[in-house]
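Heads up: the structure comes next, in structure tokens.
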Amino acid sequence: MFESLSDKLDAALKNVKGEGRINELNIAETMREVRRALLDADVNYDVARAFTNRVKDKVTDESVLQAVSPGQQFVKAVYDELVYLLGDVHVDLNQAKRPPTVILIAGLQGSGKTTFTGKLANYLKSKGRSPMVAAADVYRPAAVDQLETLAAQVGVPVFSIRGEDGVPLNDAVEVARQAKEEARRTGRDTLIIDTAGRLHVDEAMMQEVVAIKEATEPDEILFVVDSMTGQDAVNTAKAFNDRLDVDGVVLTKLDGDTRGGAALSIRSVVEKPIKFASTGEKLDALTEFYPDRMAQRILGMGDVVSFVEKAQEQFDAEEAEKLQRKFRTQDFDLQDFYDQLQKIKNMGSLKDLLGMIPGVGKAIKEIDVDDDAFKHIEALIQSMTPYERANPQKIDGSRRRRIANGAGMQVQDVNGLLKQFREMKKMMKTMSRLSGKGRQVDLAQLTRGRGRR
Amino acid sequence: MALFGFGRNKDDQDKLEAGLEKTRSGFFGKISRAVAGKDTVDDEVLDDLEEALVTSDVGVKTTVDIIGRIEARVAEDKYVTTKELQALIRDEIASLLLESAPERPASFSAPLPNQPHVVMVVGVNGVGKTTSIGKIAHRYKEAGKSVLLGAADTFRAAATEQLEIWSERAGVPIVKQYQGADPAAVAFDTLARAKSTNADVVLIDTAGRLHNQVGLMNELSKVKRVMDRQVPGAPHEVLLVLDASTGQNAIRQAEAFTEAVDVTGLVLTKLDGTAKGGIVIGISNEFQIPVKYIGVGEGMRDLQVFDRAAFVHALFEGGDA
């Protein structure tokens, strides 16, 4: 039911490909499909419409209409526009010139403020800071207990005011004000103030959070929003921003399967950067926000960047450089291939990895991917001498027989591997030539996002 | 107001209408603007209607369905005035919303078909499960029923404490263990206690979980299975709590929770914001699950039995009708 946007684009572009050109008629049809797909991803209606209009302007440009592969140009135009809308670059938290840095957390009920407060404390602590959290949600039953439990797990002090009967003091502004004093007195460099969830139409509650802001003069105000929010996300974000002039947005519950179109809408309406993405129940499930990854998610393109990052854990920059040079100069041999296989195996389950590659995830959803898939290839390469690995073209009939015997396999298997390897090299040659000239869609550019406009 | 039945009183209707005020001014306002100065339904009107429905989170699929049917009607009748259009839309939306099944009466005072009548409450994180349970407990208690709460959210920090506070407010007993305890065991114990104390209604709270987390969804299925061993047929109801501000992901939630625990009804919370709750129209259309309760505020009484006639009425007519 939730076809990905890229699927829809593909489908819509089939017509275009058949005709070999984009014309106004199929652009209009495609743009309607794109708009519907965006709406299905919860992108705000007005934002979706403005978006498709801009993409339309881009692709009706003469140069695109005459391009060799208008389909890819089309996808790239959509992707570029998405990344632009999500904010080109990642933005860090503000810091006070004189500590403590005060961070105020605000948002609707159930958006995940208290959990995020705990995660942020944990994140800052891991960066060498000494945060303190303050429990200024004095309304929701047991909210103070929840923050106390989280703070204990993280190992940071928590500030709350309870009466003699153990009931929290019913004055959020006072709690926040005293918390700042306490943070200064005890030499904490950061204070995170958790506040009660409130509806933006609840005037009394909005006044309260404004009063907390005035009393504590926060350096950073973060608006926390559930990434599953629908069309209303824009209205709430706008209302909070109008009252508080927030510094950044936090997206929570991104570990669900929501497309998170709300993120796109909020960013483009309130023009404030999204700073964090919260992705799970565990305290360390918090990541800095990257616009390009979100764009890929909304498009249903898979998560190329996470794939690359996993790869980076295995390949250091120098090695990658060497490898790239080998690709270009055609020096890539079977030994290199074998080394790569080992590294891929270290990256984790094959199925998970394939799932991150655009278009592959869905195709293999129902298929069991055998993690031993490389076993035979490995056995064959292991049966080769270093000379053979470096010079696959020198492997003649008798060598093939020996290798097959050594691996306990047939000569046909050796032939198969060598043929595959030749084709792989051919592909590498084509790819490196393409990216070198940068004429067609540059894959590297696509995953890196748009640095400049 | 008696027309709408279910013990609805003037207060409730006012509250619902106040809660829906934003929805109405958005939705109704848009439709009004869409049809202003027009005599007949043309493409432009339908486009504006599409916008009104989509921006209420009704969803593209259901919106296209509704527009398609209206288009067909317009083509058939040749001439439809904009006044008739409003009635048409109202009929269409009302027909997509389902009434609660008789074996799961929505009214708090209605006699219950089982004793204990066991209700399991599920949903993703932060939708308002615990708060809804507190309110439902209060309403049942008010209607003269004995209620027992089961704190099977043993995961989230202080969830049990939160339910405990609600149990004190509503004046109903609670069965609990410690944080990290096996939720199935808590549910099992709660039902044992319900049998021995002859409770009329049992409400089981569960930890919020995202519907795509297979392990946690399996855990939920297990909690449900275990209840049947203690009280055959239990749980008799499984309520999925949805935040009214949720977008199209709610459809996925309904799908996944139905697969895991066979959801019998929906609770739509936080309808007092500007969120439109249009997703329930889409969910009713695609999954045939009725909306049972709606949450329209933070107070103990701010939970109502869902009445589709009143809902659609409030959506279109406003307070003075």
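Naming: A, B, ... by sequence-line order, numbering from 1 per chain.
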* Asked: So what's closer than 4.5 Å to chain A heavy atoms on B/N212: side chain, backbone, both or neither?
  -> side chain
* Can you say whether B/E164 sits under 4.5 Å from chain A via the side chain, the backbone, both, or neither, judging by heavy atoms? -> neither
* Asked: Side chains of B/R252 and A/M228: does their closest heavy-atom pair fall under 4.5 Å?
  -> no
* Interatomic spacing from CG in B/D57 to OH in A/Y45 - rounded to 0.5 Å -> 13.5 Å
* Would you call B/E298 and A/R198 a salt bridge, taking side-chain N to carboxylate O under 4.0 Å as the test? -> no
* Do B/Q162 and A/Q146 come close enough that some side-chain heavy atom pair is under 4.5 Å? -> no
* **Atom pair OG1 (A/T149) and CD (B/Q179), whose distance is rounded to the nearest 0.5 Å** => 6.0 Å
* Can you say whether B/V60 sits under 4.5 Å from chain A via the side chain, the backbone, both, or neither, judging by heavy atoms? -> both
* **Region of A/D46 that comes under 4.5 Å of a non-hydrogen atom in chain B** => side chain
* Could you walk me through whether A/D40 and B/K61 pass the side-chain contact (heavy atoms from CB on, under 4.5 Å) test, one step at a time? => CA-CA 9 Å; A/D40 257 344; B/K61 186 176 182 291; 6.0 Å; no
* **Point-to-point distance, once rounded to the nearest 0.5 Å, from CG of B/D272 to CD of A/Q109** => 7.5 Å
* To do: Find the distance between OG1 (A/T229) and CG (B/D243) and round it off to the nearest 0.5 Å.
  => 7.0 Å
* N-O pairing of A/R140 and B/E161 below 4.0 Å -> no
* How long is the gap from CD on B/Q248 to CG on A/L39, to the nearest 0.5 Å? -> 8.5 Å
* **Donor-acceptor contact below 3.5 Å, side chain A/K253 vs main chain B/L210** => no
* Using a cut-off of under 4.5 Å for heavy-atom pairs, which of A/A239, A/P141, A/A262, A/A142 has the most such pairs with chain B? -> A/P141
* Asked: Does atom CD of B/E259 have more than 12 heavy-atom neighbours from other groups under 6.0 Å away?
  -> no
* Which pair of heavy atoms, one from A/D42 and one from B/G247, lies closest together, and at what distance? -> OD1-CA, 3.3 Å
* Nearest-0.5 Å distance that lies between atom OG in A/S111 and atom CG in B/N125 -> 11.5 Å
* Please check if any side-chain donor atom of A/D255 sits under 3.5 Å from a side-chain acceptor atom of B/Q213, or the reverse. => yes
